[in-house]
Amino acid sequence: MDIAPRYNPKEVEEKILKKWLSGNFFAAKVSADKKPFSIVIPPPNITGILHMGHALNNTIQDVLVRFKRMQGYETLWMPGTDHAGIATQNVVEKDLAKQGLKKEDTGREEFLKRLWEWRDKYGSTIISQLQKLGASCDWKRTRFTMDEAYSETVKEVFVRLYEKGLIYRGKRIINWCPRCQTALSDEEAAHKEINGWLYYIKYPVKGYTGEHAEYVVVATTRPETMLGDTAVAINPKDERFNWLRGGKVILPIMDRELRVIEDEVVDVEFGTGVVKVTPSHDPVDFNLGKKYNLEFINIMNDDATMNEQAGEFANMDRFEAREAILELLEEKKLIEKKEPYKVSAGHCYRCHTIIEPRISPQWFVRMKPLADGAIKVVEEDRIKFYPERWKKVYLNWMYNIQDWCISRQIWWGHRLPVWYCKECFKNEDAEANAGIIVSKQKPEKCPHCGSHDLAQDEDVLDTWFSSWLWPFATFYWPNFRKDTSDGKELNYFYPTSVLVTASEILFFWVARMIMAGLEFKKEIPFRDVMIHGTVRDDRGIKMSKSLGNIIDPLEIIDKFGTDSLRFSLMLNASGGADLYISDDTFLVGRNFANKIWNATRFILLKMTEKNITIDNLELEKYDEIDAWLLNELNNAISGVTASLDNYRINDATKIAYEFFWHVFCDWYIEMVKDDFTRGRAKISVYVLLNAIKLLHPVMPYISEEIFQLLKENLFIKAEESIVVARWPKAKKVEGDTKSVNTITAIAQTIKEIRNIKTDLGLGQKKVSLAIKTNKDNEQYWKKHEVWIKRLSLLEDISFQGKLKRTVFKGELWELDLGVEELDIKNFLVSLDRKINNLQNVHSKVSGRLNNENFLNNASGEVVEAEKNKFTELSEQLKRLKELKNAFK
RNA sequence: GGGCGUAUAGCUCAGAUGGUUGGAGCGCUGCGCUCACAUCGCAGAGGUCUCUGGUUCAAGUCCAGAUACGCCCACCA
């Protein structure tokens with residue numbers, strides 16, 4: 001037998017991944033006799049490369065999937081990627097720019113061709129990285145949100161919603177990214193605070209007579225928008241401006257007459273109480289414009305440079321124009337003052353450019369009707385959030401939901417299934433439906449006028465408009481095909497069991513999937529939503545490429561192995577809290593993998609050395625130390641199982657770790673290594689096998705490798721892969737508790753002996769031990785003498801009726817060490833500390849027992865336990881004091 | 001402006017339904033290359049559980065308030 005003393009993950013992982021993929025172990029099918037367990041992956045962007053967030057998200061899913069698969073569920077993990085409209089287009093545009101080209105130079109068709117080429121070349125990178133991570137998806141199913149069949153679903157959904165009146169075209173103020181040159185939804189405009197100024201600008205009052213102020217002063221953070229002002233507003237209740245009501249002011253620079261309107265939205269407290277109103281460039285002002293029938297003047301181009309409406313500032317960038325306007329106002333002495341001010345501005349979530357609110361004809365989904373059901377299922381806990389607090393966040397958003405802008409002025413994505421009749425459609429009349437034909441296929445002619453002159457809408461749909469269909473569109477609903485068993489698969493696997501995701505896309509994706517599921521499948525898309533934290537660096541800063549603080553999971557895999565990465569992440573991910581990680585975080589995993597490896601190595605080497613073969617794992621006979629171990633194994637099995645059932649993966653990980661290292665390795669293997677009989681070997685292998693099964697969801701590679709090693713070297717029957725092996729079950733342990741308890745007491749005593757030896761400065765020196773105990777206990781000491789000596793570094797053990805001296809006094813026995821002269825300084829210090837601690841607890845307990853209120857109010861069980869504790873503590877204390885007195 | 005979260009050892013974090021003497025990993029100190037593993041073993045130091053009040057026989061755990069940090073939402077010109 002030749003097993004390396006160090007675990008080499010690289011070799012092992014490569015080999016095993018091949019086995020898994022070629023062996024089709026992750027494939028799922030409809031099985032009437034099995035319960036389904038299904039997860040759809042949050043599809044990563046095709047532009048994506050595996051980052052720590054992916055690693056965390058997908059490891060969690062994989063743990064759950066592997067666990068359920070081993071439990072015998074028919075398990076489907078549906079993989080796939082998202083076309084990620086803006087993100088991908090940006091990437092390919094950048095690529096094009098290297099050749100000095102813009103997408104307009106190549107034209108739409110050619111540009112799309114390049115996009116598809118790009119996706120064919122790089123789009124599967126993330127998939128192979130997920131495979132490397134060990135993700136046990138049914139890879140043959142890998143979907144893409146722009147697959148032909150998937151696109152059919154998208155169109156179908158659009159048409160259905162339109163026909164139901166839930167999709168409409170409207171000319172409204174939307175979030176416009178001047179860099180990407182497209183509309184965005186509200187969710188895609190991330191609000192961030194920036195340091196700006198609040199400028200106080202004087203607007204001359206028309207017909208100034210000297211009876212009132214010559215100017216009204218308005219406060220603004222965006223002076224450049226004044227060019228589009230068509231009113232100023234005051235609060236109707238604001239008596240300071242009674243004189244201004246019904247009056248007019250003059251917009252400086254433009255010399256435009258502005259109405260004075262009155263509306264409740266104006267905050268009397270803020271600024272001067274007078275607000276400039278720019279209906280075309282501010283959402284609040286837009287509403288005012290509608291309400292009071294104001295003029296809408298658009299002063300900007302698509303790229304946020306000023307247009308001809310901006311007069312002398314035309315063609316300037318918006319921020320350039322701001323400076324120029326301020327300069328001019330300064331010259332005219334129209335700036336009263338400026339104050340530093342923090343402004344919350346929307347930023348494009350793709351390119352971080354500041355959003356420009358803008359009036360534009362776009363397509364929207366009416367959300368309120370969709371939200372109603374989605375609110376109900378969460379209120380009624382038919383969908384549960386883990387941790388639960390996200391329920392509130394979700395509901396709060398849903399209660400206040402706004403219509404969703406779904407059209408994007410980019411090329412990469414699902415083209416809107418919308419055609420315009422050039423005869424009937426009048427663009428300026430954007431609110432009406434005349435001339436708009438919504439249809440999955442290109443219509444032959446306009447149903448209204450019969451014209452054949454039809455043009456498809458140039459826009460594409462928001463990426464999320466396809467992702468929100470993911471849980472059922474991946475089964476090609478509603479057309480299905482043979483490769484999804486004509487819908488049988490959807491019926492079987494839907495609703496999915498759990499959705500695992502980061503909180504960032506709760507609104508983007510999770511909420512919308514619930515709405516889509518209920519609308520189209522008439523059923524929730526998943527039962528549980530597990531929301532995990534964000535991965536941050538060790539200073540608590542979110543990892544991002546632009547900040548340069550990322551820890552690359554692929555590098556960690558390369559350095560420490562995939563299992564180390566996964567194990568360390570799972571150990572750290574708890575209760576949806578954020579994870580703070582550094583390179584060192586992953587050492588725990590590496591060390592543990594090596595420990596597992598070496599425990600296996602030891603067992604197999606010993607068996608070879610002793611010529612032990614095993615052909616089955618029926619446990620025939622075992623003694624007290626075996627029983628003790630099996631009992632611990634049972635606790636681990638039920639602990640890990642219960643934790644995984646409750647999505648407490650970190651607990652499960654910890655329990656398995658603790659058992660493997662600190663129970664199995666530190667104690668059992670040490671106990672049996674000197675007397676490694678066939679019986680011990682069998683127990684060892686049995687426990688090892690069960691332990692690696694417990695670890696398999698978190699550490700799939702090493703557990704598989706060991707599973708295979710055991711199969712190769714023993715003659716036991718086992719599944720082809722641990723992937724499909726049966727999850728461990730707790731087995732009843734035969735054996736009397738007294739024996740097991742005695743073993744526990746011996747182990748405890750061994751720790752005491754080590755402790756005392758250290759205190760006495762004996763260190764690793766082997767000394768002899770004298771023990772005084774009864775015949776009954778003596779037999780255990782004799783039977784287990786070999787490992788007791790080994791673990792407490794003793795020369796020999798003698799049994800005596802009377803000890804010359806006592807260095808340890810326990811409930812069951814007293815001990816002395818065979819050393820003439822004792823350096824008792826440290827020993828006495830430790831002893832004192834122990835006595836002190838015990839004394840503290842003792843007086844606390846006795847205080848409680850002397851407290852009538854406690855005796856009257858606490859439950860009988862608690863009082864009973866407290867009494868027992870008191871007795872035990874008293875005895876312990878007495879022994880320690882006696883021990884101490886003997887040394888005086 | 002609303003809402004949420006976190007505060008426990010030097011660091012990163014565990015500590016369901018209040019009741020053993022508050023734990024782990026890393027780091028630190030001391031001793032050991034004991035033939036599975038130095039990616040190891042053994043022993044140890046280190047905590048007024050952020051603060052203040054309250055409920056209770058009993059609070060790290062529940063309640064209220066304060067402080068600090070973080071996050072989310074919002075028509076804060």
Side-chain angles (χ1 to χ4, degrees), chain A residues 3 5-7 191 198 218-222 225 233 265-267 270-272 274-278 282-288 341-344 387 389-390 392-393 396-397 400 503-504 506-507 534 536 538 540 560 564 568 571-572 574-582 584-585 587-588 590-606 646 648 650-651 654 657-658 662 665-666 669-670 673 751 754-755 757-759 761-764 766 790-793 830 837-838 840-842 844-845 848 851-859 861-862 865-866 868-869 872-873:
Chain A
I3 303 177
R6 281 196 189 176
Y7 176 54
H191 284 265
L198 189 58
V218 299
T220 179
T221 55
R222 298 199 302 149
T225 62
V265 296
V266 180
D267 181 354
F270 190 88
T272 59
V274 188
V275 188
K276 63 192 269 308
V277 181
T278 321
D282 183 276
V284 182
D285 296 2
F286 174 81
N287 291 335
L288 290 174
Y341 190 72
K342 287 205 192 305
V343 202
S344 165
R389 64 186 143 93
W390 292 104
K392 245 192 260 177
V393 179
N396 186 49
W397 186 76
N400 300 301
S503 60
E504 284 100 305
L506 182 61
F507 306 141
T534 304
R536 300 175 181 280
D538 49 6
F560 301 141
S564 310
S568 304
L571 200 61
N572 277 282
S574 91
D578 289 349
L579 285 76
Y580 289 47
I581 61 170
S582 65
D584 292 346
T585 306
L587 287 174
V588 196
R590 181 199 63 171
N591 295 352
F592 185 41
N594 196 54
K595 190 73 183 181
I596 298 169
W597 181 254
N598 270 289
T600 309
R601 176 170 184 254
F602 172 79
I603 292 167
L604 291 178
L605 285 177
K606 273 286 180 200
N646 292 298
R648 299 177 67 107
N650 65 322
D651 284 348
K654 214 176 279 180
Y657 170 83
E658 178 69 24
H662 298 303
C665 293
D666 283 355
I669 291 182
E670 293 298 332
K673 63 170 33 163
K751 296 190 86 155
R754 291 165 173 170
N755 186 336
K757 284 183 69 186
T758 304
D759 280 342
L762 296 170
Q764 313 296 313
K766 284 194 175 180
R790 186 188 153 71
L791 293 191
S792 37
L793 284 173
S830 293
N837 289 343
L838 217 50
N840 285 339
V841 185
H842 185 264
K844 246 193 237 172
V845 173
R848 242 171 261 167
N851 182 344
E852 252 178 69
N853 288 324
F854 172 73
L855 298 173
N856 294 335
N857 291 313
S859 76
E861 275 173 52
V862 172
E866 211 68 16
N868 291 338
K869 203 196 297 175
E872 201 176 308
L873 285 169

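The structure presented is a predicted model; accordingly, all values stated were derived computationally and were not measured. Proteins come first, then strands; the chains are lettered A, B, ... in the order of their sequence lines, and each starts at number 1.
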Inset, instruction - State whether Asn857(A) places a side-chain N or O below 4.0 Å from either non-bridging phosphate oxygen (OP1 or OP2) of rC57(B). - result: yes

Inset, instruction - Check whether any side-chain N or O of Arg754(A) sits under 4.0 Å from OP1 or OP2 of rA43(B), and answer yes or no. - result: yes

Inset, instruction - Any chance you could measure Tyr341(A), atom OH, to Thr220(A), atom OG1, to the nearest 0.5 Å? - result: 10.5 Å

Inset, instruction - Remember a base hit wins even if backbone is also touched, and classify Val277(A) as base, sugar-phosphate or nothing at under 4.0 Å, heavy atoms. - result: nothing

Legend entry - Any Lys595(A) side-chain nitrogen or oxygen under 4.0 Å from OP1 or OP2 of rG41(B): yes

Inset, instruction - Please measure how far the C1' atom in rU20(B) lies from the corresponding atom in rG65(B), and state the result in whole Å. - result: 33 Å

Inset, instruction - Locate the shortest heavy-atom distance separating Asp666(A) from Lys595(A); write the atom from each residue and the value. - result: OD1-NZ, 4.5 Å

Legend entry - Touch class at under 4.0 angstrom, heavy-atom based, for Lys757(A) against every strand present: nothing

Legend entry - Arg790(A) vs rG41(B): side-chain N/O to OP1/OP2 distance below 4.0 Å: no

Inset, instruction - Would you mind classifying the nucleic acid contact of Arg590(A) as base, sugar-phosphate or nothing, using non-hydrogen atoms under 4.0 angstrom? - result: base

Inset, instruction - For rA66(B) and rC28(B), measure between their P atoms and round to the nearest Å. - result: 42 Å

Legend entry - Separation between the C1' atoms of rA64(B) and rU56(B), rounded to whole Å: 16 Å

Inset, instruction - Check every strand shown and say whether Tyr341(A) touches a base, only sugar-phosphate, or nothing at a heavy-atom separation below 4.0 Å. - result: base

Inset, instruction - Would you please confirm or rule out a distance under 4.0 Å between OP1 or OP2 of rA16(B) and any side-chain N or O of Asn646(A)? - result: no

Legend entry - Arg6(A) side chain vs Trp597(A) backbone, donor-acceptor pair below 3.5 Å: no

Inset, instruction - Between rG23(B) and rA14(B), how far apart are the C1' atoms? Round to whole Å, please. - result: 7 Å

Inset, instruction - Determine the contact category for Thr220(A): base if any of its heavy atoms lies under 4.0 Å from a base atom, sugar-phosphate if only primed atoms, P, OP1 or OP2 are that close, otherwise nothing. - result: sugar-phosphate

Inset, instruction - Give Lys654(A) one of three labels, base, sugar-phosphate or nothing, depending on what nucleic acid heavy atoms sit under 4.0 Å from its own. - result: sugar-phosphate

Legend entry - rC40(B) phosphate, OP1 or OP2, under 4.0 Å from Asn591(A) side-chain N/O: yes

Legend entry - Pair Lys869(A) + Glu872(A): basic N to acidic O under 4.0 Å: no

Inset, instruction - Could you work out the separation of rC37(B) and rU21(B) based on their C1' atoms and round it to a whole Å? - result: 34 Å

Legend entry - His662(A) side-chain N/O to rG25(B) phosphate OP1/OP2 under 4.0 Å: yes

Inset, instruction - Indicate whether OP1 or OP2 belonging to rU21(B) is found under 4.0 Å from a side-chain N or O atom of Lys869(A). - result: yes

